[in-house]
Amino acid sequence: MRRGTSNLLTINIYTGPFSETGHENEITPDSPILPKSSEMRRRRDLSLKEAWLKKRIQKSTESRSQFSGIYVREAYRVSDEEIRFVYLENQDNNMNLRAEIPKLGWQPVEWFCFNATCYDYLFCSMATRFGSIRLPQTSPHQPDVRLRPSSHHYPHKLGVCLQPIFFFTDWTVIMQFFESWIAQGATKFYFYLHSYTWQTKKVLDFYKDSLGDALELIDWSDLPVHARDKGMYDKDPNSRVFRHGATAFMHDCMMRARSVVKFVANTDLDDLPVSSTLNLPDALEKVSTRHPDAAQFKVDWILSHQPQHWDSIHNAKDVNFDLQSVRVLKIENIRWDYRVSKKMFHRPERVMHFDMHTVYRNELAGEKNQQYTTIEMFDNSDLYFLHLRRFERHLMNPLPVEYNNSFNHSLLMKMNTRMLDQFAKRIDGTEFAESPLTPWSLEARQTMRDLEQCRREAFGSILDDQNQMCQQSSSGCEGMLTAGVPFIKTTQTWVNIAHKALFNTYVEKTKRFSLF
């Protein structure tokens with residue numbers, strides 16, 4: 001058993017407005033760096049952040065409970081020689097795993113952390129692991145092989161992996177999500193579900209009927225826990241899982257997309273992709289042609305505000321997206337960690353270990369014995385994301401911000417028109433168009449504020465240097481919800497393969513010889 005080495009890739013800072021010519025920089029995770037390069041400065045910034053995380057972890061005075069569970073879902077045969085899967089276990093566990101393979105018997109599992117700390121995020125000790133089972137070349141062939149040559153014809157050019165929605169109320173953003181991606185060429189969606197309202201289910205059912213197999217709705221539940229332990233920080237494993245297993249989701253989705261989709265984005269519902277031609281696959285194909293060894297394309301992720309008027313929306317026909325109202329913040333008004341964070345489009349067969357903003361390890365590029373590369377497209381108007389914050393955290397006295405008035409909104413207005421046209425055709429003549437989806441706005445505002453509060457506190461404690469607890473866990477956030485919304489929860493999808501219990505037996509044990 002060994003732990004994989006991890007190398008941080010770079011993160012730059014968006015300084016906007018965009019330059020006239022787009023920037024592209026090709027880097028490799030394990031390549032040497034010139035000491036005076038801007039690349040070195042950016043890696044230095046990330047290494048300082050990593051050191052800060054390690055320091056906080058080492059100083060933690062929390063008495064950690066040992067969660068002994070090992071939680072698994074699907075496994076994927078990614079080549080003739082390898083099966084991969086993701087699983088969750090406590091960060092301090094050191095249990096060796098073996099997997100039983102039909103006709104081959106029990107095989108050892110090689111495991112890896114996805115980053116140097118072996119934590120998913122800060123103090124969320126239920127960590128994502130990557131399991132790999134090596135198979136002999138003579139092993140029986142399985143149909144689910146998701147590694148294909150570069151000449152393979154993909155059923156879909158562009159797909160989207162959406163992080164699990166949890167305690168979800170804003171059904172209008174789901175429509176904006178689908179229509180914005182479809183308007184720019186996406187044809188495959190992996191939509192992960194944890195908990196949501198009946199209005200959300202109605203919207204998803206409509207899009208499933210409309211898109212068919214192009215939309216996969218994937219259940220993503222909490223980890224199994226005894227009812228008596230649910231919501232307890234020292235006993236509920238879900239109290240130590242960051243944002244419902246976000247890192248595990250990303251890799252599960254990327255393995256699903258192998259051989260099916262050529263380019264895949266890991267994204268949230270409030271991320272708006274923007275291509276200068278409103279054709280995302282075309283933009284990705286062009287840069288891919290210029291960089292044939294690229295595994296991912298890292299682009300700017302620009303914090304923006306999108307005002308909402310939820311009280312006037314009662315059904316699908318009331319939705320008009322309002323992208324013309326989007327305001328981009330000046331860089332000086334954006335928190336440091338948001339300034340340096342980027343978003344990525346991946347080639348599923350070429351990436352191994354990553355999170356939402358950073359790549360740690362790529363596959364080896366053919367016989368070159370070096371990893372596939374990352375293309376940085378910073379300060380580039382050809383391709384970027386707007387991070388749309390859609391609600392007011394402060395009901396009174398909101399924090400003052402300054403906006404970037406030089407940002408060109410004409411492209412957003414063009415996109416909005418295209419989205420409205422295709423949406424009108426999609427709902428035309430359907431019962432869904434005028435089906436009432438109210439009441440919802442009051443509950444949505446309160447629930448979203450509760451979830452934002454859970455970023456900084458839970459279990460009666462505030463996240464700071466003294467109370468170093470896991471933030472945004474489902475167990476912690478659920479107890480903070482105040483709107484009384486009856487959420488629909490997905491059925492159980494994880495299996496605890498390390499479960500232990502005492503059971504009664506109805507088989508007579510063989511008695512040993514005794515004189516008495």
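All values reported here derive from a predicted model rather than from experimental measurement.
Glu457 pairs by the salt bridge (Lys or Arg N to Asp or Glu O under 4.0 Å) definition with nothing, not counting sequence neighbours. Residues that satisfy the salt bridge (Lys or Arg N to Asp or Glu O under 4.0 Å) test with Asp219, not counting sequence neighbours, are absent from this structure. Not counting sequence neighbours, the partners of His409 by the ring pair (Phe, Tyr, Trp, His ring centres under 6.0 Å) test are Phe407. Every residue meeting the side chain to side chain donor-acceptor pair (under 3.5 Å) condition with Asp252, not counting sequence neighbours, appears here in chain and number order: Tyr76, Tyr192, Arg256. With sequence neighbours excluded, the residues forming a ring pair (Phe, Tyr, Trp, His ring centres under 6.0 Å) with Phe345 are Phe385, listed by chain and number. Scored by the side chain to side chain donor-acceptor pair (under 3.5 Å) test, Tyr190 finds no partners at all (sequence neighbours excluded). The side-chain contact (heavy atoms from CB on, under 4.5 Å) check on Met352 picks up Arg84, Arg361, Glu363, with sequence neighbours excluded. For Glu443, there are no salt bridge (Lys or Arg N to Asp or Glu O under 4.0 Å) partners at least two apart in sequence or on another chain. Residues that satisfy the ring pair (Phe, Tyr, Trp, His ring centres under 6.0 Å) test with His387, not counting sequence neighbours, are Trp301, Tyr338. Contacts of Thr482 classified as side-chain contact (heavy atoms from CB on, under 4.5 Å), with partners at least two apart in sequence or in another chain: Gln446, Asp450. For Arg228, the salt bridge (Lys or Arg N to Asp or Glu O under 4.0 Å) criterion is met by no residue, not counting sequence neighbours. In this view, Lys317 and Asn315, Ile427, Ala433, Glu434 satisfy the side-chain contact (heavy atoms from CB on, under 4.5 Å) rule, not counting sequence neighbours.
Side-chain atoms of Val203 and Tyr196, non-hydrogen and from C-beta on, never get closer than 4.5 Å to each other. Residues Trp181 and Leu280 have side chains in contact (heavy-atom distance under 4.5 Å, counting atoms from C-beta outward). Using a 4.5 Å heavy-atom cutoff, the side chains of Gln176 and Met419 are in contact. The shortest side-chain heavy-atom distance between Glu478 and Lys489 falls under the 4.5 Å cut-off. A heavy-atom distance below 4.5 Å is found between the side chains of Arg240 and Asp234. Leu388 places none of its side-chain heavy atoms less than 4.5 Å from the side chain of Val173. In this structure, Val72 and Trp494 have side chains that are not in contact, with every pair of non-hydrogen atoms separated by 4.5 Å or more. In this structure, the side chains of Met356 and Gln163 come closer than 4.5 Å at one or more pairs of heavy atoms.
A donor atom on one side chain and an acceptor atom on the other are found under 3.5 Å apart for Asn362 and Gln296. Side chains of Thr493 and Ser221: a donor on one and an acceptor on the other come within 3.5 Å. No side-chain donor from either of Asn238 and His244 sits under 3.5 Å from a side-chain acceptor of the other. Side-chain contact annotation: Gln324 with Asp322, donor-acceptor N/O pair under 3.5 Å present.
With respect to the salt-bridge test (charged N to carboxylate O, under 4.0 angstrom), the residues Arg455 and Glu452 qualify.
Exactly one of Phe423, Trp171, Phe206 qualifies for a ring-ring contact (aromatic ring centres under 6.0 Å, His included) with Phe432. That residue is Phe206. The ring-ring contact (aromatic ring centres under 6.0 Å, His included) test with Tyr207 is passed by exactly one of Phe178, Phe189, Phe177: Phe178.
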Discussion item. For Leu284 and Lys157: C-alpha separation, side-chain torsions, deciding distance, then whether side chain to side chain contact (heavy atoms under 4.5 Å, CB included) applies.
Written reply: CA-CA 9 Å; Leu284 291 166; Lys157 188 69 67 69; over 6 Å; no

Item to complete: Walk me through it: do Tyr360 and Asp355 pass the test side-chain hydrogen bond (donor to acceptor under 3.5 Å, both in side chains)?
Response: CA-CA 8 Å; Tyr360 299 94; Asp355 61 22; 3.0 Å; yes

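A distance-only check finds no donor-acceptor pair linking the side chain of Asn496 to the backbone of Gly69 [under 3.5 Å]. With hydrogens and angles ignored, the 3.5 Å screen pairs no side-chain donor or acceptor of Lys330 with any backbone N or O of Asn405.
Counting non-hydrogen atoms of other residues, nucleotides and ligands closer than 6.0 Å to NZ of Lys201 gives a total of 12 or fewer.
Below 30°, between 30° and 60°, or above 60°: for Trp440 and Trp310 the angle between ring planes is between 30° and 60°, a tilted geometry. Using cut-offs of 30° and 60° on the angle between ring planes, the pair Phe354 and His251 is tilted. Taking the six-membered ring for Trp and thresholds of 30 and 60 degrees, Phe130 and His353 have nearly parallel ring planes, at less than 30 degrees apart.
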